[in-house]
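Only a predicted model underlies this, so the values are computations on that prediction, with no experimental measurement involved. If you read the sequence from its start, that first residue is 1, and numbering goes on from there.
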Amino acid sequence: MLEGYPFIFQMNDRSYSDQLLEYVLQYRFKSSKSNHTYIVRIEKYIEHTYCVKFFDKANMLSKNLFVPFSLGEGSLT
């Protein structure tokens, strides 16, 4: 069985301008391997659509935080 990291709920964000976005839940956890803190944002859109975003807290102010990337040949992006 896989063990996860303990996480902490940070906030329920409803301050956004996207009409399709219903709410955002934000959590954080600290990796015992890298000793880095990670932020996890769960965005809930209409029609039961979710988007999970996570990033290293050290990169929180980066302008390229959510830039799409390719997974290689045959990827969806």
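- Closest of all the heavy-atom pairs between P6 and F29 is O-CB, 3.4 Å.
- D13 pairs by the side-chain hydrogen bond (donor to acceptor under 3.5 Å, both in side chains) definition with S15, not counting sequence neighbours.
- The 12-atom threshold is exceeded at CZ of F55, counting heavy atoms of other residues, nucleotides or ligands nearer than 6.0 Å.
- Connection of I46 to V52 is established within a shared hydrophobic cluster, with ILVMFWY side chains joined at heavy-atom distances below 4.5 Å, either directly or through further cluster members.
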Sequence neighbours excluded and cut-off under 3.5 Å, please list the side-chain donor-acceptor pairs for residues 19-27, or say none.
residue : atom : partner : partner atom : Å
E22     : OE1  : K44     : NZ           : 3.0
Q26     : OE1  : R41     : NH1          : 3.0
Q26     : NE2  : Q10     : OE1          : 3.1

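- Between F54 and V40, the shortest heavy-atom distance links the atoms CB-CG2, 4.0 Å.
- Here the straight-line distance linking atom CD1 of I39 with atom NZ of K57 works out to 6.0 Å at 0.5 Å rounding.
- S31 is linked by a side-chain hydrogen bond (donor to acceptor under 3.5 Å, both in side chains) to Y5, S34, counting only residues two or more places apart in sequence or in another chain.
- Linking Ile, Leu, Val, Met, Phe, Trp and Tyr whenever their side-chain heavy atoms come within less than 4.5 Å leaves L61 and M11 in two separate clusters.
- Both I42 and F9 are assigned to one and the same hydrophobic cluster, defined by single-linkage of ILVMFWY side chains at heavy-atom distances under 4.5 Å.
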